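Written below as structure tokens is the structure these notes are about.
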Number of protein chains: 2
Amino acid sequence: MTQAGHGPRERMVFSAAQLIRRNGVTATGMREVAAHARAPRGSLQHYFPGGKEQLVNEAVGWAGRYAGKRVARFVAGLRQPTPSGLFAAMAAQWTDEYAADGFAAGCPVAAATVDCATGDSTREAAAAAFAAWCTPVAAALTDMGVPAARAASLATLMISTLEGAILLSRAERDVRPLTTAVRELGPLLDAAVRR
Amino acid sequence: MTQAGHGPRERMVFSAAQLIRRNGVTATGMREVAAHARAPRGSLQHYFPGGKEQLVNEAVGWAGRYAGKRVARFVAGLRQPTPSGLFAAMAAQWTDEYAADGFAAGCPVAAATVDCATGDSTREAAAAAFAAWCTPVAAALTDMGVPAARAASLATLMISTLEGAILLSRAERDVRPLTTAVRELGPLLDAAVRR
DNA sequence: GGTCGAGTATGACACTGGTCATAGTAGCCG
DNA sequence: CGGCTACTATGACCAGTGTCATACTCGACC
């Protein structure tokens, strides 16, 4: 998650995702988002006339697209593409971040799902984000030789397990749940490739 | 999660867990908890001089102990105890609730982990709750014949996957992530029993 | 130059949050 | 009865929220 906002609008969406990831939706204030993005407070109502709900939904959508794009880069970075390798790479993104920056942040989509006081549209945005994340994973699995029927199921399983392991790791302040998830789930994933 | 509070204090802890489960920590107000528990507002500062932080932590701890106790009942209810059967029973608790009452609520411990604006002690309470949940699961696995070395890892995997599947199911308003987790993870779990 | 509009900047509003202070009530014990 | 403790009840406070209204800057365009 590198700082990559050109315009002030994108910076605000990015900052919103960043803060939601850390503190949750309700605990993240609009003024706080503007300050974090070093954007004028008045721009909030200008760019996001739909208020906080719109801002949160866009942040969630951004996170989903970001995660989806990362999948392609992960599989491209594998010397020998295997399902377990992809899963390990996805988990490594989190273990690396936790090792470098601490356990302060989680997945913004998860935060939006749990903290859905904003309205039902946020829940829909979260579902769309998970779909945008799950689809490329399933596609990568089929490319690796997993039958199409199981690819979608395994992709869902991978994201479920990863999301839960992130949760446990954050609570325990230890990457152990993430590493055990990779170790235990890897063989199951590789066993699904048709040879 | 049946209403089981005798005294007003327990009712408040229970109500707090219930509301946190639905709306998250920050979005749950103290006055709201008192009203939901049909307890006088003044009792809040009497029973919980530590303020919201104490109330939230006790609610999280209660949820952890509750989940831990459920495990023993689950394994007792299985006619033939297998790891996959236990996992299916744990997931069924959620699919049943979602089928009956809708997708409004999630796991309170997950909510407390994500929405940790209350302070670091809440995170520790969440870690303790996950431990109180994970330990009996690992014990049940060893009883079923899983080598002790893997039992702890598999218990962590089960809870990670379950927690993530709850998240996805809630976002999608569909129990599909939960059912696929059970279907895909079952064989892996049963393959770990020593025979 | 004048006009327009995108974007910026503030201040105010109504409201809710957690917390504190204080007063009141009930029941038990001596 | 008085006194004490457990509990209840209420009101006030201040910081914070999202949102709105208004006024300002500044560059582009005719």
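Just so we're on the same page: letters track the sequence lines, and every chain starts at 1. Predicted, not measured: the structure shown is a model, and the values here were computed from it.
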A:Thr28 and A:Asn23 side chains, donor-acceptor separation under 3.5 Å: no
Five-pair end axes of the helix from C:dG18-D:dC13 to C:dG30-D:dC1 and the angle they enclose, rounded to 10°: 0°
A:Glu32 atom CD is separated from D:dG16 atom P, nearest whole Å, by 11 Å
Heavy-atom distance under 4.5 Å between the side chains of B:Leu168 and A:Thr156, does that happen here? yes
Between CZ of A:Phe48 and C1' of C:dT8 the distance, given in whole Å, is 15 Å
To the nearest angstrom, the CE-P distance between B:Met30 and D:dC13 comes to 21 Å
Among residues at least two apart in sequence or on other chains, which ones pass ring-ring contact (aromatic ring centres under 6.0 Å, His included) with A:Tyr47? none
Which whole-number value in Å describes the distance from B:Leu44 CG to C:dT19 C1'? 11 Å
Relative orientation of the end axes in the helix from C:dG1-D:dC30 to C:dT16-D:dA15, expressed as an angle to the nearest 10° (five pairs per end): 20°
Please list each protein N or O that sits under 3.5 Å from an N or O in nucleotides 20-25 of chain D, with the distance.
residue: D:dA21; atom: N6; partner: A:Gln45; partner atom: NE2; Å: 2.7

Got a sec, which residues hit side-chain hydrogen bond (donor to acceptor under 3.5 Å, both in side chains) with A:Arg9, two or more places apart in sequence or on another chain? A:Glu58
Between C:dT8 (P) and A:Arg9 (CZ): distance, integer Å: 12 Å
With sequence neighbours excluded, what pairs up with B:Asp120 under the salt bridge (charged side-chain N to carboxylate O under 4.0 Å, His left out) test? B:Arg123
In whole Å, I'd like the distance from the CZ atom of A:Arg38 to the P atom of C:dA9. 14 Å
Between the protein and nucleotides 5-7 of chain C, which nitrogen or oxygen pairs are less than 3.5 angstrom apart?
residue: C:dG7; atom: OP2; partner: A:His46; partner atom: NE2; Å: 2.7

Sorted by chain and number, sequence neighbours left out, ring-ring contact (aromatic ring centres under 6.0 Å, His included) with B:Phe48 holds for none
Separation of B:Leu154 CG from B:Leu86 CG (nearest 0.5 Å): 11.5 Å
Not counting sequence neighbours, list each pair that qualifies as a side-chain hydrogen bond (donor to acceptor under 3.5 Å, both in side chains) and has a residue in residues 132-143 of chain A. none
Hey, is B:Arg173 close enough to A:Glu124 for a salt bridge, meaning N to O under 4.0 Å? no
Integer-rounded Å distance: C:dG18 C1' and B:Gln54 CD: 14 Å
With A:Arg22 via side-chain hydrogen bond (donor to acceptor under 3.5 Å, both in side chains) - residues at least two apart: none
So for A:Arg31 and D:dG16, does any side-chain atom that can act as donor or acceptor lie under 3.5 Å from a complementary atom in the base? no
If the condition is side-chain hydrogen bond (donor to acceptor under 3.5 Å, both in side chains), which residues does B:Thr113 pass it with, not counting sequence neighbours? none
List the residues meeting salt bridge (charged side-chain N to carboxylate O under 4.0 Å, His left out) with A:Arg176, not counting sequence neighbours, and say none if there are none. A:Glu172
Would you say A:Asp115's side chain and A:Thr26's backbone share a donor-acceptor pair under 3.5 angstrom? yes
